[in-house]
Amino acid sequence: MKKLTKVLAVVLSALFVFGCFAACSNSGKTDTESDLAYVQEKGKLVVGVTVFEPMDYKENGEWVGFDADLGRLFAKELGVDVEFLIIDWDNKVQELKDKGIDCAWNGMTITDEVKLNMSVSNAYATNQQVVVMKADKIADIKSADDLKGLKIAVENGSAGQGVAEELGLDSIALADQAATLLEVNAGKSDAAIIDSTMAAAMTGAGTDYADLAAGLQLVDEQYGIGFRKESDLTEKMNEFLAKAKEDGTLQKLADQYKVTLA
């Protein structure tokens, strides 16, 4: 009987040690946190933006635009409020990691670098990087080579900056795309490389930059929404975009803000 008791004690001790080892081994593991649950629990979706007409800009103190309007609808779908927070666009990945924002949604170009550092939604709109200059000079720029020797304004962390660097151009990085137009309009830079969606909305007759015009198209691209890596909000967004496309919501907003859908 004593022998059996000793055997049982040894077995139980072994099981205890094994169980403790397994628990300790797994203690460092963290299950993938649900971003959806996190956002719904705090009751707010924080969207990282810059001033970028026609995607995100203020009108009578309220954020409006293709992305802003769509962002409100997505937040409503989640059952939460929405907050638009201006960020340094070049710091968007760290903002996501630090949970300063829940998504980067501001006419964001889908690139290999973006996909490496974020979880990205399906493409929802198309765009081009275009050259913007004084209207009386834009016809002189017929190829990328014609930009050599000019001072080019770009948004820091943008696709336009990437294009300028790839072409080896002399560029100056500014806070946002709106600042690049101001720079060119004031004659401080010769040209800007920005999104065609903004160029169409903010240059030419009837705009604040009537003396500026868009010309040479450099790169075709698509827009997506960025979330934290492995975020379950990405799939939720894809479902929302598919539904919005099917019921005509996307097309209605695209017509209103002159955006081309993907």
Side-chain angles (χ1 to χ4, degrees), residues 35 47-56 65-68 70-71 74 85-98 100-132 144 147 152-181 191-201 214 216-231 233-238 240-242 250 254 259-262:
D35 260 1
V47 181
V49 301
T50 67
V51 178
F52 175 12
E53 190 175 350
M55 310 309 280
D56 294 295
F66 184 89
D67 283 350
L70 204 56
F74 181 58
L85 183 66
I86 294 179
I87 63 171
D88 176 350
W89 196 243
D90 193 38
N91 200 38
K92 55 188 175 292
V93 173
Q94 194 60 47
E95 288 279 4
L96 285 169
K97 288 180 179 178
D98 293 343
I101 60 174
D102 300 309
C103 60
W105 193 349
N106 189 231
M108 183 181 73
T109 301
I110 300 174
T111 65
D112 289 339
E113 182 181 0
V114 162
K115 289 188 289 185
L116 180 66
N117 292 292
M118 303 183 205
S119 177
V120 185
S121 73
N122 294 334
Y124 66 97
T126 61
N127 180 62
Q128 296 83 36
Q129 291 300 315
V130 298
V131 177
V132 173
L147 295 171
I152 312 296
V154 296
E155 178 188 28
N156 194 28
S158 69
Q161 183 180 40
V163 171
E165 290 175 351
E166 188 175 332
L167 294 174
L169 302 177
D170 176 18
S171 63
I172 177 173
L174 303 173
D176 52 45
Q177 294 191 77
T180 70
L181 295 179
I193 297 178
I194 66 170
D195 291 34
S196 59
T197 49
M198 173 175 260
L216 182 67
Q217 293 184 1
L218 297 170
V219 178
D220 291 322
E221 57 194 26
Q222 294 183 314
Y223 286 157
I225 301 108
F227 298 93
R228 283 178 275 279
K229 293 290 284 184
E230 300 180 10
S231 172
L233 279 172
T234 313
E235 186 53 40
K236 198 73 177 175
M237 173 61 75
N238 288 336
F240 168 76
L241 290 174
L250 278 182
V259 170
T260 303
L261 297 179

**Item:** Donor-acceptor under 3.5 Å (Asp98 side chain, Gly100 main chain)
**Value:**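 Here the side-chain-to-backbone pair does not exist.
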**Request:** Look at the side chain of Lys229 and the backbone N and O of Leu116, then say whether any donor-acceptor pair between them is shorter than 3.5 Å.
**Result:**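 A pair under 3.5 Å: yes.
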Sequence-distant partners of [X], side-chain hydrogen bond (donor to acceptor under 3.5 Å, both in side chains), two or more places apart:
X	result
Asp35	Arg228, Ser231
Ser121	none
Glu165	none
Thr50	Asn106

Specify the closest pair of heavy atoms between [X] and [Y], including all atoms of both residues, with the distance to one decimal.
X	Y	answer
Leu216	Ala144	CD2-N, 3.7 Å
Ala164	Val154	CB-CG1, 4.1 Å
Lys92	Gly157	NZ-O, 3.4 Å
Gly226	Met108	N-CE, 3.4 Å
Thr126	Ala262	CG2-CA, 3.7 Å

**Asked** Where do Asp56 and Val47 land on the side chain to side chain contact (heavy atoms under 4.5 Å, CB included) test, with the steps shown first?
**Response** CA-CA 11 Å; Asp56 294 295; Val47 181; 5.8 Å; no
Kindly compute the distance separating [atom1] ([X]) from [atom2] ([Y]), expressed to the nearest 0.5 Å.
X	Y	atom1	atom2	answer
Ile194	Leu181	CD1	CG	4.5 Å
Asp90	Ser158	CG	OG	9.0 Å
Leu218	Ile193	CG	CD1	5.5 Å
Glu53	Met198	CD	CE	7.0 Å
Glu95	Asp88	CD	CG	8.0 Å
Asp195	Gln177	CG	CD	4.0 Å

**Prompt:** Should Phe227 and Lys236 be marked as a side chain to side chain contact (heavy atoms under 4.5 Å, CB included) after you check the CA-CA gap, both sets of side-chain angles, and the distance that decides it?
**Reply:** CA-CA 11 Å; Phe227 298 93; Lys236 198 73 177 175; over 6 Å; no
Is there side-chain contact between [X] and [Y], with heavy atoms separated by less than 4.5 Å?
X	Y	answer
Leu250	Leu70	yes
Asn238	Tyr124	no
Gln161	Trp89	no
Val51	Ile86	yes
Phe52	Asp67	no
Val219	Gln128	no

**Request:** Could you name each residue pair satisfying side-chain hydrogen bond (donor to acceptor under 3.5 Å, both in side chains) that touches residues 107-117, not counting sequence neighbours?
**Result:**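 Listed by first then second residue: Thr109-Glu221.
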**Request:** Let me see the working for Gln222 and Asn127 under side chain to side chain donor-acceptor pair (under 3.5 Å), right down to the final yes or no.
**Result:** CA-CA 6 Å; Gln222 294 183 314; Asn127 180 62; over 6 Å; no
**Asked** Residues two or more places apart in sequence or in another chain: which of them pass ring-ring contact (aromatic ring centres under 6.0 Å, His included) with Phe74?
**Response**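 Applying ring-ring contact (aromatic ring centres under 6.0 Å, His included) to Phe74 gives Phe240.
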**Message:** Between Thr234 and Val120, does the side chain to side chain contact (heavy atoms under 4.5 Å, CB included) criterion hold? Intermediate values first, please.
**Reply:** CA-CA 7 Å; Thr234 313; Val120 185; 5.9 Å; no
